[in-house]
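Notes for the one structure printed next.
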Amino acid sequence: MEQDVRYTRNAWWGGRLADFAHYPEVTGDHRDEVVPEYDEKGLMLTGSGVRQALLQGDYALAEQLAGGRNETYWRALAEKYAFTGNTEILARFELEIEEEAQAYAGLESNYSMWDTRQQASERLGFAEFNLLRAHLLSGEWSAVTEILDNRRW
């Protein structure tokens, strides 16, 4: 199993979709304990399905499989940028961060909706952190410095 995990991790980081799909039941550091289910496109509906969808450029499906824009979705998006260097992903990140910032700004002073406000703040934080992570993984140090200097942490 350990070899399968390393193989899948290397396939993901190498952007080799065919190799990554070869072991669809392996997700990160462990195997799913459920039998994998697939959608009509052949994408796995558990675990690695988010990464498979991103590799195929289906962002809406990746978001759906992750359960929305959340840490899982943005982590995979950061990783995809790290191994592809596709600047469209950065533009997508910035747009999604702006949308999350607007959602949070609309709730920021509304203390009667504490839970909703807290969730919006966490989503914004996850998005910004993973944008930073994308630049760190890519070794783009000037972008890392810019983010650290200009974001609300």
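Note: hydrogens, waters and symmetry copies are ignored here, and every other heavy atom, side chains too, is used.
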Reported NZ-to-CG distance for the pair Lys80 and Leu137, which is rounded to 0.5 angstrom: 15.0 Å
Can you check side chain to side chain donor-acceptor pair (under 3.5 Å) on Tyr59 and Gln64, steps first, answer last? CA-CA 8 Å; Tyr59 297 99; Gln64 177 186 353; over 6 Å; no
From Leu65 atom CG to Thr72 atom OG1, the distance as rounded to the nearest 0.5 Å: 11.0 Å
Counting C-beta onward and ignoring hydrogens, is there a side-chain heavy-atom pair between Asn70 and Glu122 closer than 4.5 Å? no
Verify, without hydrogens or angle tests, whether Ser121 (side chain) and Arg117 (backbone) share a donor-acceptor contact under 3.5 angstrom. no
Could you verify whether a donor N or O on one side chain and an acceptor N or O on the other, from Tyr73 and Glu96, lie under 3.5 Å apart? yes
Candidate pair Arg69 and Glu99, rule salt bridge (charged side-chain N to carboxylate O under 4.0 Å, His left out), full reasoning: CA-CA 11 Å; Arg69 289 183 186 169; Glu99 290 171 359; 2.5 Å; yes
Does the side chain of Glu94 come within less than 4.5 Å of Leu131's, by heavy atoms? yes
In terms of side-chain heavy atoms, does Glu140 have a donor or acceptor partner in Tyr81 at a distance below 3.5 Å? yes
Grab the two heavy atoms, one from Ala82 and one from Ser138, that are nearest each other, plus how far apart they are. CA-OG, 3.4 Å
If I take atom CD from residue Glu79 and atom CH2 from residue Trp74, how far apart are they, to the nearest 0.5 angstrom? 15.0 Å
Between atom CZ of Phe129 and atom CG of Leu132, what is the distance when rounded to the nearest 0.5 Å? 6.5 Å
